[in-house]
Amino acid sequence: MKKTAYFAGGCFWCITPDFKETNGVIDVISGYSGGDEADPSYKDVKTQQTGHRETIRVDYDDSEISFERLFDIFINGVDPFDEGGQFIDRGHSYTLAVYYTDETEKDAAQNGISALEKESGKKVYISVEPFKSFYTAEEEHQDYYLKHPEEFEKELIESGRKKV
């Protein structure tokens, strides 16, 4: 059955490939979630004016991949111990969140966070919030890594997400 999950992982360009190239994932859409402003723009989100975070919508087949596995992919693509953003991207719009659509997702996210805190001995900064709305980002932000591979690679290295 097709389901949808929402993850805010800092730069939405940077976390898209890990999900998009995973069996069971149908599609990944870049957008904005968590705030109250309708139809925010990239510029407004990036400059911290909306309360939204850069978020990806992951459409997936739950008979092929579980939400727990998606959460693991999410955790492995971010720095869960950074309270102020991700890598060089700073501010609320780049902080981490899981927007759950049901209690099962909420429990899975909270359990994953608890396990990581226990294992690492560190505080994990991932907000677990009820899903409110999702606004699709402008077309130029969709599949950025495929449209602009050289710029994307440069972004990964300059941001500190990818070590060379």
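Side chains are part of it too, since the values below use all heavy atoms of this structure and drop only hydrogens, waters and symmetry mates.
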Peer 1: Do V25 and L146 belong together in a cluster built from hydrophobic side chains that touch within less than 4.5 Å?
Peer 2: yes

Peer 1: Once salt bridge (Lys or Arg N to Asp or Glu O under 4.0 Å) is applied, do any residues pair with K132, and if so which ones, sequence neighbours excluded?
Peer 2: D36

Peer 1: Could you tell me whether the side chain of E68 reaches within less than 4.5 Å of the side chain of N111, counting heavy atoms only?
Peer 2: no

Peer 1: Working to the nearest 0.5 Å, report the span between CD1 of I65 and CZ of R69.
Peer 2: 6.0 Å

Peer 1: Can you tell me how the ring of H52 sits relative to the ring of Y32, calling it parallel under 30°, perpendicular over 60° and tilted otherwise?
Peer 2: tilted

Peer 1: Find the distance between CG (D72) and OG1 (T22) and round it off to the nearest 0.5 Å.
Peer 2: 11.0 Å

Peer 1: Under the side-chain hydrogen bond (donor to acceptor under 3.5 Å, both in side chains) test, which residues partner K106, sequence neighbours left out?
Peer 2: none

Peer 1: Return yes if some donor-acceptor pair links the side-chain N/O of Q86 with the main-chain N/O of D79 below 3.5 Å, else return no.
Peer 2: yes

Peer 1: So, S33 side chain and S133 main chain: donor-acceptor pair closer than 3.5 Å or not?
Peer 2: yes

Peer 1: Under 6.0 Å from the NZ atom of K123, do we count more than 12 heavy atoms belonging to anything else shown?
Peer 2: yes

Peer 1: Are L70 and V58 close enough that some pair of their side-chain heavy atoms sits under 4.5 Å apart?
Peer 2: yes

Peer 1: Shared ILVMFWY cluster between V98 and Y125, side chains joined below 4.5 angstrom?
Peer 2: no

Peer 1: To the nearest 0.5 angstrom, please state how far the CD atom of E155 sits from the CD atom of E153.
Peer 2: 11.0 Å

Peer 1: Go through V124 and L96 one step at a time and tell me if the side-chain contact (heavy atoms from CB on, under 4.5 Å) criterion holds.
Peer 2: CA-CA 10 Å; V124 169; L96 304 177; over 6 Å; no

Peer 1: Pairs in or reaching into residues 71-98: which pass ring-ring contact (aromatic ring centres under 6.0 Å, His included), with residues at least two apart or in two chains?
Peer 2: F7-F74

Peer 1: Remaining members of I29's ILVMFWY cluster at a side-chain heavy-atom cut-off under 4.5 Å?
Peer 2: Y6, Y99, F131, F134

Peer 1: Using 0.5 Å steps for rounding, measure from the SG atom of C14 to the OH atom of Y144.
Peer 2: 9.5 Å

Peer 1: Counting C-beta onward and ignoring hydrogens, is there a side-chain heavy-atom pair between T4 and T101 closer than 4.5 Å?
Peer 2: no

Peer 1: Considering residues at least two apart in sequence or located in another chain, which fulfil the salt bridge (Lys or Arg N to Asp or Glu O under 4.0 Å) criterion with E129?
Peer 2: R53

Peer 1: State yes or no: do I73 and F67 share one hydrophobic cluster built from I, L, V, M, F, W and Y residues joined by side-chain heavy-atom distances below 4.5 Å, directly or via other members?
Peer 2: yes

Peer 1: Look only at the side chain of E54 and the backbone of F12, and say whether a donor-acceptor pair between them is shorter than 3.5 Å.
Peer 2: yes

Peer 1: Do E21 and Y145 make a side-chain contact, defined as non-hydrogen atoms from C-beta onward lying under 4.5 Å apart?
Peer 2: yes

Peer 1: As an exercise, state the distance from OG of S66 to CD of E105, rounded to the nearest 0.5 Å.
Peer 2: 11.0 Å

Peer 1: Which pair of non-hydrogen atoms, one from D61 and one from M1, has the smallest distance, and what is that distance?
Peer 2: OD1-N, 3.4 Å

Peer 1: Donor-acceptor pair, D44 side chain versus Q49 backbone, under 3.5 Å?
Peer 2: no

Peer 1: Please report the closest heavy-atom contact between L116 and P80, naming both atoms and the distance.
Peer 2: CD2-CG, 3.6 Å

Peer 1: Just do the salt bridge (Lys or Arg N to Asp or Glu O under 4.0 Å) check on K147 and E139 with the steps written out, would you?
Peer 2: CA-CA 11 Å; K147 294 175 184 172; E139 182 57 35; 3.0 Å; yes

Peer 1: Are a donor atom and an acceptor atom from the side chains of Q48 and S93 found within less than 3.5 Å of each other?
Peer 2: yes

Peer 1: Within a reach of under 6.0 Å around CG of N23, are more than 12 heavy atoms found that belong to other residues, nucleotides or ligands?
Peer 2: no

Peer 1: Going by salt bridge (Lys or Arg N to Asp or Glu O under 4.0 Å), name the residues that satisfy it together with K3, two or more places apart in sequence or in a different chain.
Peer 2: D102

Peer 1: Here's a test for you: under ring pair (Phe, Tyr, Trp, His ring centres under 6.0 Å), which of F152, Y42, Y135 qualifies with H141?
Peer 2: Y42

Peer 1: Evaluate the criterion side-chain contact (heavy atoms from CB on, under 4.5 Å) for residue pair I56 and I15; output intermediate values, then yes/no.
Peer 2: CA-CA 8 Å; I56 58 171; I15 62 171; 3.7 Å; yes

Peer 1: Show the numbers, then the answer: is there a salt bridge (Lys or Arg N to Asp or Glu O under 4.0 Å) between D27 and K20?
Peer 2: CA-CA 6 Å; D27 202 4; K20 193 118 186 187; 3.2 Å; yes

Peer 1: Using 0.5 Å steps for rounding, measure from the CG atom of L156 to the NZ atom of K154.
Peer 2: 12.5 Å

Peer 1: Shortest non-hydrogen contact from P40 to T50?
Peer 2: CB-CG2, 3.9 Å

Peer 1: Nearest heavy-atom pair of S30 and T16: which atoms, and what distance?
Peer 2: OG-OG1, 3.8 Å

Peer 1: Is there a path of hydrophobic side-chain contacts, each under 4.5 Å between heavy atoms of I/L/V/M/F/W/Y residues, joining I26 to V28?
Peer 2: no

